Protein chains: 4
Amino acid sequence: MNKKHQILNAAAKLFATQGFDGTTTLQIATEAGVTEPLIYYHFKGKDELFTSILQTAFEKYFTRLENLPRRTTIQFVQIANLINLHFAIVDEMPNETFLVMNTCPVKLNDPDHVCRANVDRQKEWLTGYLTQCLEEGIRRQEFVEMPIAPTVELLIGVISGLTRRRALKLDSNRQVRTATIDFCRRALQAVDAKS
Amino acid sequence: MNKKHQILNAAAKLFATQGFDGTTTLQIATEAGVTEPLIYYHFKGKDELFTSILQTAFEKYFTRLENLPRRTTIQFVQIANLINLHFAIVDEMPNETFLVMNTCPVKLNDPDHVCRANVDRQKEWLTGYLTQCLEEGIRRQEFVEMPIAPTVELLIGVISGLTRRRALKLDSNRQVRTATIDFCRRALQAVDAKS
Amino acid sequence: MNKKHQILNAAAKLFATQGFDGTTTLQIATEAGVTEPLIYYHFKGKDELFTSILQTAFEKYFTRLENLPRRTTIQFVQIANLINLHFAIVDEMPNETFLVMNTCPVKLNDPDHVCRANVDRQKEWLTGYLTQCLEEGIRRQEFVEMPIAPTVELLIGVISGLTRRRALKLDSNRQVRTATIDFCRRALQAVDAKS
Amino acid sequence: MNKKHQILNAAAKLFATQGFDGTTTLQIATEAGVTEPLIYYHFKGKDELFTSILQTAFEKYFTRLENLPRRTTIQFVQIANLINLHFAIVDEMPNETFLVMNTCPVKLNDPDHVCRANVDRQKEWLTGYLTQCLEEGIRRQEFVEMPIAPTVELLIGVISGLTRRRALKLDSNRQVRTATIDFCRRALQAVDAKS
DNA sequence: GATGAATGAGTGTTCATTCAT
DNA sequence: TATGAATGAACACTCATTCAT
């Protein structure tokens with residue numbers, strides 16, 4: 001059990017930093033402190049090892065998403081929650097986030113790959129969450145009038161963009177999180193609601 | 001000259017869809033309709049071919065950035081311009097954008113790689129542009145008060161996030177561009193300015 | 001004891017159909033319903049398992065040969081017996097025959113291999129049996145005059161050829177056995193003896 | 001062209017003596033005096049190399065068969081021709097014969113393998129040739145009455161058995177060929193015809 | 001410019017075998 | 001007896017690159 005985890009951790013780290021194709025099974029074995037064949041004892045092959053890591057990471061992520069409260073008096077709280085959650089996840093699982101953000105895209109061309117399924121599921125979930133949130137907020141006049149679908153897409157883009165830059169260590173880490181929340185608040189909330 | 005371009009195009013396309021490590025020189029040669037050694041006649045190696053494509057793409061991109069007007073009565077116009085420019089670029093050079101967005105990150109670990117230099121230069125440029133823009137906007141009371149540095153980082157994140165999703169064909173293409181501009185306008189402009 | 005037999009049976013079947021080199025210890029273990037290390041508990045290794053099967057099969061075969069009656073009034077009866085015995089053996093131990101016929105040859109280059117010893121012993125025995133048979137038959141004028149040594153070799157070839165084709169399921173099974181006996185009778189017996 | 005032939009020869013020799021699974025591509029390369037990748041430059045893989053050798057050998061063999069005269073005054077001449085041809089082939093292409101005789105059988109389980117197709121084709125051809133020969137011989141009363149189908153199968157068995165033993169160097173080489181022809185003559189020809 | 005032939009250095013994977021339990 | 005975990009050695013095959021022409 002122990003060595004299996006060592007393999008998973010080493011692989012996650014290497015796949016994240018070097019990509020799937022740029023990482024060799026020998027590197028993984030060495031980094032994990034085991035021999036190459038052990039990888040094949042625990043996993044069917046390099047692909048399954050990759051998929052396994054990915055699936056676990058996405059599972060954790062989706063669990064966190066599902067646990068977000070869906071009924072709040074102020075709708076914007078839900079949006080702030082979503083932003084906070086994504087910033088938190090990058091810090092908690094940096095390797096996995098990096099991996100999803102950078103190694104997945106290459107695999108998105110294959111419609112049968114786990115990446116495709118999970119990325120689609122993520123988009124669907126976020127779309128549902130944000131759509132309901134915006135609709136309710138507008139109905140209650142907490143939010144200003146706006147076209148919902150494009151705004152939802154834009155919000156997803158904002159979240160994934162910021163998450164990615166943080167994973168890539170391209171942001172300088174300071175108050176980006178709170179700035180983002182304030183920024184979105186100003187963009188969404190009706191003037192009356194701000195007081 | 002002709003065949004050299006065929007190689008460059010084929011390589012750009014393949015690097016973009018399969019990544020650097022996932023693309024073989026044989027694939028490039030086949031896709032370009034030439035033989036492998038010709039690649040080595042025109043380029044030192046796979047690496048140089050890659051950086052060559054990258055450098056050209058970045059050059060085009062930076063040229064476009066430099067041509068943006070820096071003095072406008074309304075500061076937000078500059079921000080809208082920036083957003084529009086990025087959306088335009090994805091559509092004009094989809095392969096190259098995809099390549100920069102997805103193949104570059106893996107190379108960012110190497111501080112000597114062209115990717116690193118260009119990404120840093122991009123960040124620097126955008127930071128300068130946006131910082132000046134926001135400072136001026138706030139000074140003129142066109143924009144609300146806000147912490148400048150984090151907001152700049154966030155705006156960069158927003159732009160790169162949306163660009164990336166469009167390159168990955170993850171957005172559904174509709175009015176995201178205008179929604180983004182409106183969204184930012186509401187978030188930045190002071191209430192008085194809106195009228 | 002039970003599992004040991006399962007291993008032997010599985011191995012015999014697999015070696016026969018896939019050859020020695022084409023069969024893995026894992027396949028044998030799986031087919032036998034045991035784990036790989038158990039093979040090594042019962043046998044020194046893959047080689048010993050192979051030779052063990054081979055030796056047992058040859059032992060059965062040689063026992064049958066030894067039990068053939070050596071003194072008959074009509075010499076041809078001994079030849080018919082030999083033919084019948086070989087046809088019978090293919091049907092009784094198809095896997096083992098197949099194995100001897102197809103996996104052995106590759107091992108014949110190694111003069112120290114069990115295959116070599118057994119195949120040599122078989123040739124020697126058959127040569128002795130047939131030589132004596134023919135000599136006696138010719139002496140008694142039951143058989144026509146013929147060069148003995150080449151005829152013996154040819155008879156061995158006939159028997160092994162037919163056995164092999166039956167093991168490979170290349171013959172269509174019909175009256176080949178009786179046809180063979182009649183054929184040989186006509187070829188060997190003097191005209192006078194036929195009446 | 002030269003090195004390609006060296007590879008083919010080395011492979012034929014090694015496949016013949018060690019079997020397909022028992023032969024490594026490194027052994028082939030070493031024996032051929034080339035490097036391993038060159039094998040893959042000239043052939044798709046080990047399988048194609050094997051198939052290529054097999055196909056060439058069978059082609060030569062079938063060509064020889066087709067050139068046998070089909071109309072002779074004495075039918076037995078055709079049978080003697082067939083026997084002679086097979087003995088000749090073993091001596092001309094010992095590696096290939098060995099290979100067909102010993103490496104093929106393992107592949108016969110796969111109905112799609114080239115071995116299967118060729119072995120079937122061989123059986124069909126020989127059956128047609130011998131059937132016509134026997135029918136005609138019996139009609140002309142050159143041959144004794146006998147059940148045709150089983151005798152044909154037996155003759156094929158005789159030929160392949162003797163060929164195989166010679167390829168395996170199990171016969172002592174002497175007058176087996178003429179003994180076989182005489183043997184078959186006595187078995188087939190009617191008493192009247194013998195004078 | 002352009003290519004057919006060739007290769008050193010690896011790549012993912014498998015195999016027979018062992019060892020601690 | 002029996003097995004889960006582990007490995008050294010090898011295997012078929014690929015890749016970026018070179019060289020003679």
Side-chain angles (χ1 to χ4, degrees), chain A residues 1-4 6-7 20-29 32-50, chain B residues 1-4 6-7 20-29 32-50, chain C residues 1-4 6-7 20-29 32-50, chain D residues 1-4 6-7 20-29 32-50:
Chain A
M1 292 297 173
N2 199 8
K3 295 209 175 177
K4 187 173 178 180
Q6 287 170 9
I7 292 172
F20 179 80
D21 292 309
T23 302
T24 73
T25 48
L26 181 57
Q27 287 176 324
I28 297 171
V34 301
T35 54
E36 261 187 300
L38 194 62
I39 296 176
Y40 292 87
Y41 179 76
H42 287 298
F43 304 92
K44 266 187 203 160
K46 197 184 168 189
D47 267 301
E48 208 210 64
L49 174 54
F50 178 69
Chain B
M1 290 296 174
N2 198 7
K3 295 211 174 176
K4 187 172 178 181
Q6 287 171 322
I7 292 171
F20 179 78
D21 293 309
T23 302
T24 72
T25 48
L26 180 57
Q27 285 177 326
I28 297 170
V34 303
T35 54
E36 268 186 293
L38 194 60
I39 296 175
Y40 290 85
Y41 178 79
H42 287 297
F43 304 91
K44 266 188 203 160
K46 196 185 168 188
D47 270 301
E48 207 211 65
L49 174 54
F50 178 69
Chain C
M1 289 297 174
N2 196 9
K3 294 210 174 175
K4 187 172 178 181
Q6 286 171 319
I7 292 171
F20 179 79
D21 292 310
T23 303
T24 72
T25 49
L26 180 57
Q27 285 177 325
I28 296 171
V34 302
T35 55
E36 267 185 295
L38 194 61
I39 296 175
Y40 290 85
Y41 178 78
H42 287 297
F43 305 91
K44 266 187 202 161
K46 196 185 168 187
D47 269 302
E48 207 210 66
L49 173 55
F50 178 69
Chain D
M1 292 298 173
N2 200 6
K3 294 209 177 178
K4 188 174 179 182
Q6 288 169 7
I7 293 172
F20 179 80
D21 292 309
T23 303
T24 73
T25 48
L26 180 57
Q27 286 177 326
I28 296 171
V34 301
T35 55
E36 258 187 301
L38 195 60
I39 296 175
Y40 293 87
Y41 179 76
H42 287 296
F43 304 91
K44 266 188 202 159
K46 196 184 168 187
D47 267 300
E48 208 209 64
L49 174 54
F50 178 69

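As the structure is a prediction and not an experimental result, all values here were calculated from the model. Residue numbering restarts at 1 for every chain, and letters A, B, ... go by the order of the sequence lines.
- Out of F:dT17, E:dT13, F:dC19, the shortest distance to the side chain of B:K46 is found at F:dT17.
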Side-chain donor-acceptor pairs of residues 21-29 of chain C under 3.5 Å, sequence neighbours excluded:
unit_1: C:T23; atom_1: OG1; unit_2: C:L14; atom_2: O; d: 3.2
unit_1: C:T23; atom_1: OG1; unit_2: C:Q18; atom_2: OE1; d: 3.4
unit_1: C:T23; atom_1: OG1; unit_2: C:G19; atom_2: O; d: 2.7
unit_1: C:T24; atom_1: OG1; unit_2: C:L26; atom_2: N; d: 3.4
unit_1: C:T24; atom_1: OG1; unit_2: C:Q27; atom_2: N; d: 3.0
unit_1: C:T25; atom_1: OG1; unit_2: C:E36; atom_2: OE2; d: 2.6
unit_1: C:Q27; atom_1: OE1; unit_2: C:T24; atom_2: N; d: 3.0

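- Atom-to-atom, NZ of D:K3 to P of E:dG4 comes out at 18 Å; the value is rounded to the nearest Å.
- Across all strands, C:T25 comes closer than 4.0 Å to base atoms (heavy-atom distances).
- Nearest-nucleotide positions on DNA chain E for C:T23 and B:G33 put B:G33 closer to the 5' end.
- Put simply, CD1 on C:I39 is 15 Å from P on F:dT1, counting in whole angstrom units.
- When the P atom of F:dA12 is taken as reference, atom CG of D:D21 falls 9 Å away, rounded to whole Å.
- When distances are taken from the side chain of A:Y40 to each of F:dA5, E:dA16, E:dT14, the shortest belongs to E:dT14.
- Consecutive Watson-Crick or G-U pairs involving DNA chain F, each under 3.5 Å on both distances, make up stems of three or more pairs at E:2-21 with F:2-21.
- Distance from the side chain of A:T35 is smallest for F:dT7 among the nucleotides E:dG4, E:dC15, F:dT7.
- Both the sub-6.0 Å distance and the 45° axial angle are satisfied by C:K4 relative to the ring of C:F43.
- The residue among A:P37 and C:D47 whose nearest nucleotide of DNA chain E is located toward the 5' end is A:P37.
- Atom C1' of nucleotide F:dT3 and atom CD1 of C:I7 are separated by 13 Å, given to the nearest angstrom.
- Atoms OH and NZ, from A:Y40 and A:K46 in turn, are 8.0 Å apart once rounded to the nearest 0.5 Å.
- Nucleotide E:dT13 holds its C1' atom 14 Å from the CG atom of A:L49, rounded to whole Å.
- Note: CD (D:E36) to C1' (F:dA10) measures 11 Å, nearest angstrom.
- In this structure, NE2 in A:H42 is found 11.0 Å from CG in A:L49, a value given to the nearest 0.5 Å.
- Rounding to whole angstrom units, CG of residue A:L38 and C1' of F:dG8 are separated by 13 Å.
- In this structure, of F:dT7, F:dA16, E:dA16, it is E:dA16 that holds the atom nearest to the side chain of C:T24.
- Proximity of D:H42 to the phosphate of E:dG4: no side-chain N or O atom is located under 4.0 Å from OP1 or OP2.
- Between the P atom of F:dC19 and the OH atom of D:Y41 lies a distance of 17 Å, rounded to the nearest Å.
- In this structure, B:F20 and D:F20 both approach DNA chain F, and ranking their closest nucleotides by distance from the 5' end singles out D:F20.
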